[in-house]
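Worksheet: one structure, shown below.
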Amino acid sequence: MGRISTGVLGATGTVGQRFVQLLDEHPQFEVTAVAASDRSAGQRYAEACHWLLPTPMPESVRDLVVHSIEPPLDCQLVFSALPSKVAGQTEERFARAGYAVCSNASSHRMDPDVPLLIPEVNPDHTRLIEVQRRRRGWNGFIAASANCSTTELALVLKPLHDAFGIRKLMAVTMQ
């Protein structure tokens, strides 16, 4: 089975760069499309992106042409690193166009038919995808990630809860 063709929305920003870095040479995914603001669209990724990460920009993406953040893109799945103010409607357009959208933004986190997914903790929430498709009448879907502090807490607390139970937790973040 081949790797899944993947796009990154907001690919020139810091979070988008991290997606590109993590997906580089991944055994299941291949970055085949990058998208960013109109300011970057039409340029090669290496020209449009001021790479901020400590590792070099992956060779596999350097020559990809940056597209605007609108379908169509040459991929099946998009990871969205868009800011929340543009993520909501943009991600919906991609899902409506048949793409699987994995969102890092807060825009859809509270939607009752969007799985707020931490795979190691609640993989059963993927069942909401079919509910979302039926309710919204689209072939694609949106799955959202939890807030970063929530994700880390849930990963640590899940095995503790399973083993011992947790009745109460108080957490404070300085975000």
Side-chain angles (χ1 to χ4, degrees), residues 1-109 114-123 125-126 129 132-133 138-152 155:
M1 184 163 134
R3 292 162 65 193
I4 298 168
S5 61
T6 305
V8 178
L9 305 178
T12 58
T14 307
V15 176
Q17 291 176 32
R18 182 66 75 189
F19 276 131
V20 167
Q21 178 195 45
L22 292 170
L23 292 166
D24 184 48
E25 298 185 23
H26 191 284
Q28 294 175 316
F29 303 105
E30 176 184 11
V31 177
T32 57
V34 289
S37 67
D38 291 339
R39 180 175 66 249
S40 300
Q43 298 178 57
R44 289 178 43 250
Y45 187 65
E47 296 165 353
C49 180
H50 174 68
W51 193 257
L52 298 169
L53 303 182
T55 59
M57 180 185 289
E59 287 296 323
S60 61
V61 297
R62 294 181 69 78
D63 290 327
L64 290 179
V65 174
V66 178
H67 295 274
S68 64
I69 53 170
E70 294 294 331
L73 291 180
D74 183 24
C75 60
Q76 301 166 270
L77 164 71
V78 292
F79 287 93
S80 175
L82 295 171
S84 293
K85 64 183 177 198
V86 296
Q89 292 180 342
T90 302
E91 292 167 356
E92 287 179 12
R93 284 194 294 274
F94 274 90
R96 195 175 299 112
Y99 293 85
V101 178
C102 296
S103 176
N104 198 53
S106 62
S107 303
H108 295 287
R109 285 182 182 155
V114 172
L116 188 59
L117 198 57
I118 304 171
E120 299 84 353
V121 175
N122 62 352
H125 284 206
T126 57
I129 291 169
Q132 182 186 134
R133 285 176 165 165
W138 57 33
N139 292 326
F141 66 86
I142 299 169
S145 64
N147 170 282
C148 56
S149 57
T150 302
T151 299
E152 299 308 315
L155 288 169

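Positions are given from 1 along the sequence. Model, not experiment: these values are computed from the prediction.
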F94 and I69: which non-hydrogen atoms are nearest, and at how many Å? CE1-O, 3.6 Å
Give, for atom CG of N104 and atom CG of L9, the distance between the pair rounded to the nearest 0.5 Å. 11.5 Å
What pairs with R133 under salt bridge (charged side-chain N to carboxylate O under 4.0 Å, His left out), at least two apart in sequence or on another chain? E130
With no hydrogens and no angle check, just 3.5 Å: does a side-chain donor-acceptor pair link D38 and S68? no
Using distance only, find each side-chain donor-acceptor pair of residues 71-78 under 3.5 Å and give its atom names and separation, not counting sequence neighbours.
residue, atom, partner, partner atom, Å
Q76, OE1, S5, N, 3.3
Q76, OE1, S5, OG, 3.4

Are the side chain of H108 and the backbone N or O of G88 linked by a donor-acceptor pair below 3.5 Å? yes
Apply side chain to side chain donor-acceptor pair (under 3.5 Å) to N122 and list each qualifying residue two or more places apart in sequence or on a separate chain. H125
Taking T12's backbone N and O only, do any of them form a donor-acceptor pair with Q17's side chain (distance below 3.5 Å, no angle check)? yes
Sorted by chain and residue number, the salt bridge (charged side-chain N to carboxylate O under 4.0 Å, His left out) partners of E70 (sequence neighbours excluded) come out as R93
Run the side-chain donor-acceptor check on residues 44-59: report pairs under 3.5 Å with partners two or more places apart or on a different chain.
residue, atom, partner, partner atom, Å
R44, NE, D63, OD1, 2.7
R44, NH1, E47, OE2, 3.1
R44, NH2, D63, OD1, 2.8
Y45, OH, A11, O, 2.6
E47, OE1, R44, N, 3.4
W51, NE1, T55, O, 2.6
T55, OG1, Q21, NE2, 2.6

Tell me, which pairs form a salt bridge (charged side-chain N to carboxylate O under 4.0 Å, His left out) where one or both residues lie in residues 10-19, sequence neighbours left out? none
Can you run down the salt bridge (charged side-chain N to carboxylate O under 4.0 Å, His left out) pairs that involve residues 19-37, sequence neighbours left out, and say none if there aren't any? none
Work out which heavy atom in A81 is nearest to a heavy atom in V15; give both atom names and the distance. CB-CG1, 3.6 Å
Restricting to pairs with a member in residues 3-22, which pass ring pair (Phe, Tyr, Trp, His ring centres under 6.0 Å), not counting sequence neighbours? F19-F79
Under the side chain to side chain donor-acceptor pair (under 3.5 Å) test, which residues partner S37, sequence neighbours left out? none
Taking atom CD1 of I142 and atom OG of S80, what is their separation to the nearest 0.5 Å? 9.0 Å
Does T6 have any side chain to side chain donor-acceptor pair (under 3.5 Å) partners at least two apart in sequence or in another chain, and if so, which? none
Kindly indicate whether the side chain of S106, heavy atoms from C-beta on, has any atom under 4.5 Å from the side chain of N147. no
Test your reading of the model: is there a side-chain donor-acceptor pair from S145 to the backbone of I118, 3.5 Å cut-off? no
Treating E120 as the side-chain partner and L155 as the backbone partner, does any N or O pair qualify as donor plus acceptor under 3.5 Å? no
So, using side chain to side chain contact (heavy atoms under 4.5 Å, CB included) as the criterion, who are the partners of A87 when residues are at least two apart? L82, E91, A105, S107
Evaluate whether atom CZ of R39 has more than 12 neighbouring non-hydrogen atoms of other residues, nucleotides or ligands under 6.0 angstrom away. no
Test side chain to side chain contact (heavy atoms under 4.5 Å, CB included) applied to A144 - qualifying residues, sequence neighbours left out: R109, V114, L116
